[in-house]
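The next block holds one structure in the form of structure tokens; read it before the comments.
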Amino acid sequence: MAKKGFSKKESTKIIDLAPDTEIGAGELLTTNQGLLINDDQNSLKAGERGATLLEDFILREKITHFDHERIPERIVHARGSAAHGIFQLYAPMGKYTKAAFLNDTTIQTPVFVRFSTVAGSRGSSDLARDVRGFSVKFYTQEGNYDLVGNNMPVFFIQDAVKFPDLIHAVKPEPHNEIPQAASAHDTFWDFISLMPESTHMIMWAMSDRAIPRSLRMMEGFGVHTFRFINDKNESFFVKFHWKPLLGVHSVALDEAQQISGKDPDFHRRDLWEAIEAGAFPEWEFGVQIIPEADEHKFDFDLLDPTKLVPEELVPVQRIGKMTLNRNPDNFFAETEQVAFHPGHLVPGIDFTNDPLLQGRLFSYTDTQLSRLGSPNFHEIPINRSINTVHNNQRDGHMRQQINKGITSYHPNTTGGGCPFQAKAADGGFTSYTERIDGKKIRGRSKSFFDHFSQATLFYNSQSDVEKNHMVNALTFELGNVTIPAIRERMLGILSLVDKVLAKRVADGLGMQVPKKPEQPINHSIPADGKVADYQPLKVVPSTDISAALSMANTVKNTIKSRQIAVLAADGVDGVALTGMKNKLLNAGAQVKIIAPHHGEIKGSNGKMIPVDKSLLNAASVLFDAVYIPGGAESIKALIAEPDAIHFINQAYKHCKAIAADKESIPLLKASYINEKAMTEDGKGIVTDGNAKKFIDAIAKHRFWEREEESKVPA
Ligand code: HDE
């Protein structure tokens, strides 16, 4: 029987129950058979200096278990971090979907969310230029629903059959396994330059969206068009969105590269620490709903995963909020063993025929079998449904459930007919009765043939700064390509997106944009095979610019959970330091005192101030902003400290808010900060120690316009 729903209290209980905790933890050491162990320091030997005995079953058990500790990492999305939380609906969605968790505003649905990079291995850097996975498992009363999305709303390819090629091309090259977690190499760009359908996604991947400031500051997208079904069996197309309440923010490319060295766990740590500090990340759940009748009203195909639905055409309705409020207890048990699958559905949500989505529906269970090693992966605590599971599936590796009785088939009389099929009144999943008429073909609809107009829409929607960053990213990536013909082909493709973009990248590469771009091969061969139809179509999009595509228009009203560095040395103005620190803390930021050495520093008022990190352990790229309190002695010491100069200089180069007291201005000058920026308003440099101005500046995230003038030697 399906449970009726969960009160706030009950759902909390459920979160606490999963995963299983160690029983008797903290008591005496035992073997896996429960035998008490008296000596865990020495193996069993033939005499004090003798050989180890094969009969040492305690040693063998321990080492054997150790030998088998690793399971295969995910073939894609291997590097990930996750957290528990809850989802709460704002208003019932019964008009569109019968999904129970989207109809009851009184329940809190437990969720487990895993964020990931795609290309790198499990130990790779968080800051790689890459798409981020955004997978949400909703533990609903009707079974688990997985929304396995990304932080970009489109994808590289239109058909699942190309996925292994895409991934082979982006992964480290097979002869020398270089480069790790990077797309800046020959095979990736060779593939892309021959795949015009990837152009729109390439614009996203070369934008700053691919180097997020935090996993908490990313949007999420279901990518494919899905279906909602209501209790009258009416269907609506739906696109899913996650909108972060902290806004969508990124770091600078140079910064990302440096963070990869200074703290490759930057995103993982940031997520963990924010949750530990009670700064729970929040996203609103958004839907774009399109009536069935409007399926063909767009200048693109809703089934084409290389297209988005501009918010100007169909607004995003925010229907609920997800809050991540608990870190996992054990990385392996939860984050590593969680098994997502776009085919984990609940009644009221269904697929469309998007050919990329259709292929995914096969892949995920298949990969769980190889990674987790058994069809019983649903019994691992993190994967368990909170609704009771009853069926006639039996046995298999590591079966946990002990099924009682003699009945493992249906129909039966031996088990009284149980488990019964659910009757309509009980709920249950029914696929949408979509009408399908067609010939069996291997081909693609002509409505998938436009590969450039939304790439241009994305590019045109970016601010000037964002465009500059895309030019830099493309110049960097193609600069790492060693085969000139690949670069040239890519310049040809870029010229079909925007001529200026192509020219700027070409200038950076010291090349010419090809006068006649090599006609991109269109892999979308239509069923009728007419050669003239092979070429990409150029559609004029119904909107020139979409504001939602630019991060420049994101929320910039909070400094909650931002990391602020305070640079200080002995003799610092302790009163100013404490005053600013308290104001920043009150506004929700995290503040770290950084000094030339660990331990404590002595304030000018004689009070000792604890140091959080030394300049050796800290780095400017790990902070959002920097404050330099006055105190003549402290400033003198910091001016003589190259690491302090470098710290401020980098914060300036990366366009971060900087605040200094009047007395600290000589240190700013010594750090090569453009004096104009120090005096002009709106450049993010506060020189009078005013906390309010500083807080407003940090909330703006970055002063990218400083980039042009801040040619500094950091
Ligand atoms: Fe995945 N993808 N994918 N993918 N994907 C996997 O499943 C696959 C695609 C996405 O945090 C794998 O358990 C195919 C699009 C995320 O555990 C695998 C195709 C989108 C995650 C797989 C796609 C995604 C995965 C690897 C083309 C965005 C991480 C390990 C048809 C909508 C889930 C695993 C986690 C993981 C296959 C395309 C998102 C191999 C065949 C498009 C977020 O099954």
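Numbers here are sequence positions counted from 1. Order of appearance sets the numbers: ligands from 1, and atoms from 1 within every ligand.
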*Tell me, which pairs form a side chain to side chain donor-acceptor pair (under 3.5 Å) where one or both residues lie in residues 204-221, sequence neighbours left out?*
His200-Trp204, Asp208-His469, Arg209-Glu219, Arg213-Asp270, Arg213-Asp624, Ser214-Arg216, Ser214-Asp270, Arg216-Asp270, Arg216-Ser561, Glu219-Lys243
_Nearest non-hydrogen contact with atom 17 (O) of ligand 1 belongs to which option: Arg74, Met201, Gln358?_
Arg74
*Flag Arg114 as yes when one of its N or O atoms lies below 3.5 Å from any N or O atom of ligand 1, and as no otherwise.*
yes
*asked:* So is Phe115 touching ligand 1 or not, going by heavy atoms under 4.0 Å?
replied: no
*Check whether the side chains of Glu292 and Tyr432 place a donor and an acceptor atom closer than 3.5 Å, and report yes or no.*
yes
*May I ask you to check whether Arg114 and Ser135 show a side-chain donor-acceptor distance below 3.5 Å?*
no
*How close does the nearest protein non-hydrogen atom get to atom 40 (C) of ligand 1, and which residue and atom is it?*
Ile75 CG2, 3.4 Å
_For ligand 1, the portion of His341 having any non-hydrogen atom under 4.0 Å away_ = neither
*Give the atoms of ligand 1, by number and element, whose distance to some non-hydrogen atom of Ala160 is under 4.0 Å.*
31 (C)
*asked:* Quick check on contacts: which atoms of ligand 1 are under 4.0 angstrom from a heavy atom of Phe134?
replied: 43 (C)
*Taking the side chain as every heavy atom from C-beta outward, state whether Pro244 and Trp242 have any pair of such atoms under 4.5 Å apart.*
no
*Could you find the nearest protein heavy atom to atom 33 (C) of ligand 1 and give me its residue, atom name and distance?*
Ser135 OG, 3.4 Å
*Reference residue Tyr96; test ring pair (Phe, Tyr, Trp, His ring centres under 6.0 Å); the match among Phe236, Phe228, Phe226*: Phe236
*Applying the side-chain hydrogen bond (donor to acceptor under 3.5 Å, both in side chains) test to His241, which of Arg318, Gln317, Gln288 qualifies?*
Gln288
*asked:* If I only include protein atoms of type N, O or S, how many are less than 2.8 Å from atom 1 (Fe) of ligand 1?
replied: 1
*Is the number of heavy atoms from other residues, nucleotides or ligands within 6.0 Å of CD (Gln180) greater than 12?*
yes
_List the residues meeting side chain to side chain contact (heavy atoms under 4.5 Å, CB included) with Ala160, not counting sequence neighbours, and say none if there are none._
none
_Tell me the nearest of Ser81, Gly149, Ser116, Pro355 to atom 43 (C) of ligand 1, using heavy-atom distances._
Gly149
_Angle between ring planes, Phe285 versus Phe240, binned at 30° and 60°: parallel, tilted or perpendicular?_
parallel
*May I ask you to identify the nearest protein heavy atom to atom 28 (C) of ligand 1, giving residue, atom name and distance to one decimal place in Å?*
Asn150 ND2, 3.2 Å
*So, for Ala78 and Gly120, which heavy atoms are closest and what is the spacing to 0.1 Å?*
CB-O, 3.6 Å
*Considering the heavy atoms of Thr367, write down every atom of ligand 1 situated less than 4.0 Å from one of them.*
7 (O), 13 (O), 30 (C), 34 (C), 40 (C), 44 (O)
*If you look only at pairs with a residue in residues 166-188, which of them pass as a salt bridge (Lys or Arg N to Asp or Glu O under 4.0 Å), with sequence neighbours excluded?*
none
